[in-house]
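Both ligands and their constituent atoms are indexed starting at 1 by order of listing. Just so it is clear, the structure is predicted and the values come from calculations on it, not from any experiment.
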Amino acid sequence: MSDGGPAPVTGGPTGRRVVVTGGAGFLGSHLCEALVARGERVVAVDDLSTGRRDNVGALEDHPAFELVVADVARGIPVAGPVDAVMHFASPASPPDYLARPLQTLAVGSEGTRHALALAASHGARFVLASTSEVYGDPEVHPQPETYWGHVNPVGPRSVYDEAKRFAEALTMATHRAEGVDVGIVRIFNTYGPRLRPGDGRVVSNFLVQAMEGRPLTVYGDGSQTRSLCYVDDEVAGILALLDSALTGPVNIGNPDELSVLELARAVVALTGSSSTIAYEPLPTDDPTRRRPDITLARGELGWEPVVPLEEGLRRTAAFFTAGTPRGTGGRP
Ligand code: UDP
């Protein structure tokens, strides 16, 4: 076969350098891991406010990985080449962003401005982590990307919803005005290992409560719905967007919809727990239903989720069983 030259690289290092803001967070750390695994160099930038150094503990000695501890709302201190910027820094759990309203608005506005400027100065592709929360409490169901949403602009959740809506607007304006190559992903509820046990989101709350034999805290009557995507599926969709030329926005989520009460029952059954259900007040402006229309992702990215809920919950439960430091916040 060869003349003795180097073998062709198949899936080896590409030499690209990717900056991931929020890289020590739940989703960001899985993204960093996937990028390093496929041969990219990764710089995670995180202020460790809701992210955890532990999340990237397994990467910290890897020569292709660095962690820069910084608040991206104040600037992104990354020197050297940059081939892509993925802006994933933000509190994402409702108790976290409700406890940090001004920081959430700052990272969605100033943080996005800095991340876009970094991409622009290097001619790098920019990927914005947006959210199904831009649809608010949706009046169109399931939600296609063409739906403009139904958001309360002055309610407590607006610190997250409007920060992300502004981030989308800033991203599109920078794309139009400066020609920056951008992609916007609207992330629907995602779960998996590395959710903080105390982060307050429904899957971590229910699993931890069931495993400890405590009542599962169902907010409202539990009839509100969500569509839960396992983190490996979510990351695969986000990488497909990174690798494409699609601007989006594009929904990446699992269209399998279930009510919160159904989820509680599934968690009790899966863990074999004797936990009961405790009903608690529904948070203000909690969306009644949520389900992504993923026609665009299927057609343009060839992506769809493959991990069924039961399997994903099993893997997440195994992570909590293995033991992990308690987080703060939430009301599990
Ligand atoms: N929820 C619940 N019990 C909990 C945590 C959350 O019933 O212990 C509900 C919450 O009211 C919402 C859904 O589960 O309707 C999903 O909440 P989560 O905080 O995970 O994310 P959201 O989709 O609201 O951003």
For Thr217, the ligand 1 atoms with a heavy-atom partner under 4.0 Å come out as 2 (C), 3 (N), 4 (C), 7 (O), 8 (O)
Review point. Gln209: heavy atom below 4.0 Å from ligand 1, yes or no?
Key: no
Before signing off on this row, confirm whether Tyr97 and ligand 1 have an N or O atom pair separated by under 3.5 Å.
-> no
(request) State if Gly222 counts as touching ligand 1 under the rule of any non-hydrogen atom under 4.0 Å. (result) no
Closest to atom 13 (C) of ligand 1 by heavy-atom distance, out of Val260, Asn189, Thr190, is Val260
*Could you tell me if any non-hydrogen atom of Arg289 lies under 4.0 Å from any atom of ligand 1?*
no
Practice item. Would you please test Arg157 and Thr284 for side-chain contact (heavy atoms from CB on, under 4.5 Å) and show each step? Key: CA-CA 8 Å; Arg157 289 178 92 99; Thr284 306; over 6 Å; no
For Val218, the ligand 1 atoms with a heavy-atom partner under 4.0 Å come out as 7 (O)
**Prompt:** Can you check whether Val127 reaches Val185 side chain to side chain, under 4.5 Å on heavy atoms?
**Reply:** yes
- Message: Would you say Ser49 and Arg100 are linked by a side-chain donor-acceptor pair, where the criterion is simply a distance under 3.5 Å?
- Response: no
Asp286 heavy atoms within 4.0 Å reach ligand 1 at atoms 10 (C), 11 (O), 12 (C), 15 (O)
Taking the side chain as every heavy atom from C-beta outward, state whether Tyr97 and Ser90 have any atom pair closer than 4.5 Å.
no
Here the atoms of ligand 1 under 4.0 Å from any heavy atom belonging to Pro283 are 11 (O)
Any salt bridge linking Asp199 with Arg52? Criterion: basic side-chain nitrogen under 4.0 Å from a carboxylate oxygen. no
Going by the 4.0 angstrom heavy-atom rule, the piece of Arg201 near ligand 1 is both
Checklist line | Distance-only side-chain donor-acceptor flag, Ser275 / Ser273, under 3.5 Å | finding: yes
Please tell me whether His62 and Glu60 have a donor and an acceptor in their side chains that are separated by less than 3.5 angstrom. no
In Val18, Val235, Leu67, Val20, the residue satisfying side-chain contact (heavy atoms from CB on, under 4.5 Å) with Cys32 is Val20
Fill in: Distance-only N or O hit between ligand 1 and Tyr219, under 3.5 Å
yes
Would Pro94 count as a contact of ligand 1 if the rule is a heavy atom under 4.0 Å away?
yes
Note: ligand 1 atoms sitting under 4.0 Å from heavy atoms of Asn205 are 4 (C), 5 (C), 8 (O)
In ligand 1, the atoms that come under 4.0 Å of a heavy atom of Glu133 are 25 (O)
Any nitrogen or oxygen of Val202, main chain or side chain, under 3.5 Å from a nitrogen or oxygen of ligand 1? yes
Interatomic distance, OH@Tyr219 vs CD@Gln224, rounded to 0.5 Å, equals 10.5 Å
